[in-house]
Amino acid sequence: MQTKDIDIIDRVRGFVQENFLYMRPDFELADDDRLLERGVVDSMGVVEMIAFIETEFGISAAEDEISEANLGSLQAIARFVADKRSALAA
C-alpha cells in the first residue's frame, strides 16, 4: 500500500470514528472490514461518506461509482479516491 493510500485511509478512518463510531470507542475497524456488513454505516451513512469524500479529497463520485467495490471498506475508499485523483491529474 502506498503512502498516499495510508493517508487517505487515516483521514477516512477519522471521519468514520467521529461520525459513526463515537458511541463505540472500543470498536476495532480493520482497513478491509466491510462498513455496511459490520454495521458501521447504513444507507444514510453512505450518503454522508460520499459527501465527505467529495469535499475532503476534491473528487466527485458518479452514480454508477457508488458501489460496495468503491466504498465498502477503508481500503476500497482509498483505492477509489487515489484512482479518481490520478484521473483528474491526467
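All heavy atoms count here, side chains included; hydrogens, waters and symmetry mates do not.
Side-chain contact check for Leu36 versus Arg34: every heavy-atom pair is 4.5 Å or farther apart. Between Ile53 and Leu71, the closest side-chain pair of non-hydrogen atoms falls below 4.5 Å. Side-chain atoms of Gln17 and Leu29, non-hydrogen and from C-beta on, never get closer than 4.5 Å to each other. Using a 4.5 Å heavy-atom threshold, the side chains of Ile59 and Phe80 count as touching.
Cluster membership for Val41 and Val47, using ILVMFWY side-chain heavy atoms within less than 4.5 angstrom, is not shared.
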Item checked: Residues Glu28, Asp33; criterion side-chain contact (heavy atoms from CB on, under 4.5 Å); working and verdict -> CA-CA 10 Å; Glu28 291 188 29; Asp33 281 350; over 6 Å; no
Check: What do the steps show when you test Met49 against Val16 for side-chain contact (heavy atoms from CB on, under 4.5 Å), and what is the final call?
Finding: CA-CA 8 Å; Met49 183 77 71; Val16 167; 3.5 Å; yes
Margin query: Go through it in stages, so that I can follow the logic: the residues are Arg13 and Asp31, the test is side-chain contact (heavy atoms from CB on, under 4.5 Å), and I'd like the CA-CA distance, side-chain angles, deciding distance and then a yes or no.
Written below: CA-CA 9 Å; Arg13 182 186 304 281; Asp31 294 350; 2.2 Å; yes
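Here the closest non-hydrogen pair linking Arg38 and Phe27 is NH2-CZ, 3.4 Å. Shown here for Ala69 and Ala76, the closest heavy-atom pair between the two residues is O-CB, 3.3 Å.
Salt-bridge annotation for Asp7 and Arg11: present, with a side-chain N of the basic residue lying under 4.0 Å from a carboxylate O of the acidic one.
The aromatic rings of Phe52 and Phe57 sit perpendicular, their planes meeting at an angle over 60°, well past the 30° parallel limit.
At distances below 3.5 Å, not a single donor-acceptor pair connects side-chain atoms of Lys4 with backbone N or O atoms of Ala82.
One distance of note links CD of Glu48 with CZ of Phe20; it measures 4.5 Å at 0.5 Å rounding. Note that NZ of Lys84 is 5.0 Å distant from OG of Ser60, once rounded to the nearest 0.5 Å.
The side chain to side chain contact (heavy atoms under 4.5 Å, CB included) test with Ile77 singles out one residue from Ile50, Asp5, Leu35, Asn70, and that residue is Leu35.
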